[in-house]
2 protein chains.
Amino acid sequence: MRLDEIDRRIVAQLLENGRASYAQIGTAVGLSAPAVKRRVDRLRADGVITGFSAVVDPAALGWTTEAFIEIFCTGATSPEEIYASIRNHPEVVAAYTVSGDASALVHVRARDIQHLEQALERLRREDNITATKTAIVLSRLIGRPTDSPERPGRPASRY
Amino acid sequence: MRLDEIDRRIVAQLLENGRASYAQIGTAVGLSAPAVKRRVDRLRADGVITGFSAVVDPAALGWTTEAFIEIFCTGATSPEEIYASIRNHPEVVAAYTVSGDASALVHVRARDIQHLEQALERLRREDNITATKTAIVLSRLIGRPTDSPERPGRPASRY
DNA sequence: CGTGAAACTTGAGGCTC
DNA sequence: GAGCCTCAAGTTTCACG
């Protein structure tokens, strides 16, 4: 599952434009379309590329409020238990167990502040969760689609 | 720029498979391929869909370490100044100004712990930044490609 | 990995409700 | 306004060299 330079460039192309044609990618990386397809198929089979997705502006769909919530649990709550506590909250966009004071950090998106408050109350009612600490997102400074293997920082998409 | 039910279903389809053909989406939502294309074109023009991207596993590209860093700045540091301080650090995947104690929250990805430490040191050398507080990601519990307008929680991709 | 041919998809015209 | 049909141009996908 080693990636060479061309593989990385193909991935970079597909990060930038997930609907680029194989011929288009091919001219960018100096390969024919079938050769690109074979590599993309291999990258998918190897789990390097896990899928393709539209990049959507949450605000345009009415999700204008965003927060990071530190979650504190009782003594030795396992990751599985934390997962069970948050999995059914649809507002949770991402969640991580982390080092430090908090047991987990969850990224939440809501339609508005009222919705956020409601989601937070619902989270706090979970048995394992003893406390929360919320940081509401005021502005997004940087947000990359995902990590390019070799792309430097791009300008922020503010909202 | 109002979205109807079909628009939302098209967006949901494209979040799930960004390379789906218009005909494919059409059968899923009950429209012909050209009708789907026109709606997708409109959704792009309206900024609801901002692009398409491959979904890549950072670990497969050698980015195995991840952290959230709270950044503390002197008194009244503006979002623009914070942005200027972090924009050139390629390890920064996302950054937000937030309510609460910290001035900003930045999401960082590094190749390994050594690289993370090095990135952190580099960040702390920025003039505006007076202190940082790092939470290293131990495991990812939930991570959705992005927010579907109506999709419930999906299982976590752990690593 | 490249070439070429078959099957499919895209994208733009005009037509209908 | 929004959808459907049709057709040329482009794209994907295969077997073969």
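Lettering of chains follows the sequences in order, A, B, ..., and the numbering in each one begins at 1. Here the structure is a predicted model, which is why all the values come from computation and not from measurement.
In this structure, Asn88(A) has no side chain to side chain contact (heavy atoms under 4.5 Å, CB included) partners at least two apart in sequence or on a different chain. In this view, Glu117(A) and Glu121(A) satisfy the side chain to side chain contact (heavy atoms under 4.5 Å, CB included) rule, not counting sequence neighbours. A search for salt bridge (Lys or Arg N to Asp or Glu O under 4.0 Å) contacts involving Asp112(B) returns nothing, not counting sequence neighbours. Residues that satisfy the side chain to side chain contact (heavy atoms under 4.5 Å, CB included) test with Ile113(A), not counting sequence neighbours, are Thr65(A), Ile136(A). Residues that satisfy the salt bridge (Lys or Arg N to Asp or Glu O under 4.0 Å) test with Arg42(B), not counting sequence neighbours, are Asp7(B), Asp46(B).
For Leu31(B) and dC17(C), the CG to P distance is 18 Å, given to the nearest whole Å. Between Arg39(B) atom CZ and dG1(D) atom P there is a gap of 14 Å when expressed in whole angstrom units. Following rounding to the nearest Å, Arg42(B) (CZ) and dG1(D) (C1') show an atom-to-atom distance of 11 Å.
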Per-nt protein contacts along nucleotides 9-17 of chain D (heavy atom under 4.0 Å; B base, S backbone sugar-phosphate only, - none) come out as --SSSB---

